[in-house]
Amino acid sequence: MSQQSPDNVSIDEIPVDIDTTQSAEVEPADVPDKIESITRGLAGEQPPTNPLVVLKAARWWYIHGKGGTDPAFQWAIEWARHLATDTPSDVERFDEFLEYLVTVGFAEERSTLR
């Protein structure tokens, strides 16, 4: 097991950078590849179907984004709820998520995400 410093903790092999927690300023380069892949997948035609995978992304965005108000966190939770209950997901929340991905720098515009 590797040593963890107090400012860089690891959960499920996804690093948590304490210095950037809930900074609300997420740069694309700061997002771990695995989280970026899951997040982009949530915007795609075939989003992840494993709620545990989706919740990993939700946790990362909650910690490093805007906390409970982070659109990527909110959409990941909404998608996990949809997977768990087989009920329709909130389209408005999805739209906010897509807009946020443009803001974060994952896409030039919304239309390139799907």
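Annotation for A58 and A76: closest pair CB-CB, 3.6 Å, computed over non-hydrogen atoms. Closest approach of P48 to V53, counting heavy atoms only: CB-CG1, 4.5 Å. In terms of heavy atoms, P47 sits closest to L42 at CB-CA, 4.1 Å.
Contact of the V26 side chain with the Y100 side chain is registered, since non-hydrogen atoms from C-beta on lie closer than 4.5 Å. Residues P32 and W60 meet the side-chain proximity criterion, which asks for heavy atoms closer than 4.5 Å.
Rounded to the nearest 0.5 Å, atoms CG (L83) and CG (L52) are 10.0 Å apart. The CD1 atom of I35 sits 13.0 Å away from atom CG of D30, with the distance rounded to the nearest 0.5 Å. Going from atom CH2 of W79 over to atom CG of L55 covers 13.0 Å, rounded to the nearest 0.5 Å. With values rounded to the nearest 0.5 angstrom, F73 atom CZ is found 14.0 Å from H64 atom NE2. Going from atom CD1 of I38 over to atom CD of E36 covers 11.0 Å, rounded to the nearest 0.5 Å. Here CG of D90 is found 13.5 Å from CZ of F97. Values are rounded to the nearest 0.5 Å.
Under the salt bridge (Lys or Arg N to Asp or Glu O under 4.0 Å) criterion, R81 pairs with E78, not counting sequence neighbours.
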message = What verdict does the side-chain contact (heavy atoms from CB on, under 4.5 Å) test give for F106 and V31, after you've listed the backbone C-alpha separation in whole Å, the side-chain angles of each residue and the deciding distance to 0.1 Å?
response = CA-CA 10 Å; F106 277 11; V31 181; 3.9 Å; yes
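W61 places no side-chain N or O within 3.5 Å of a backbone atom of W75 that could act as its donor or acceptor partner.
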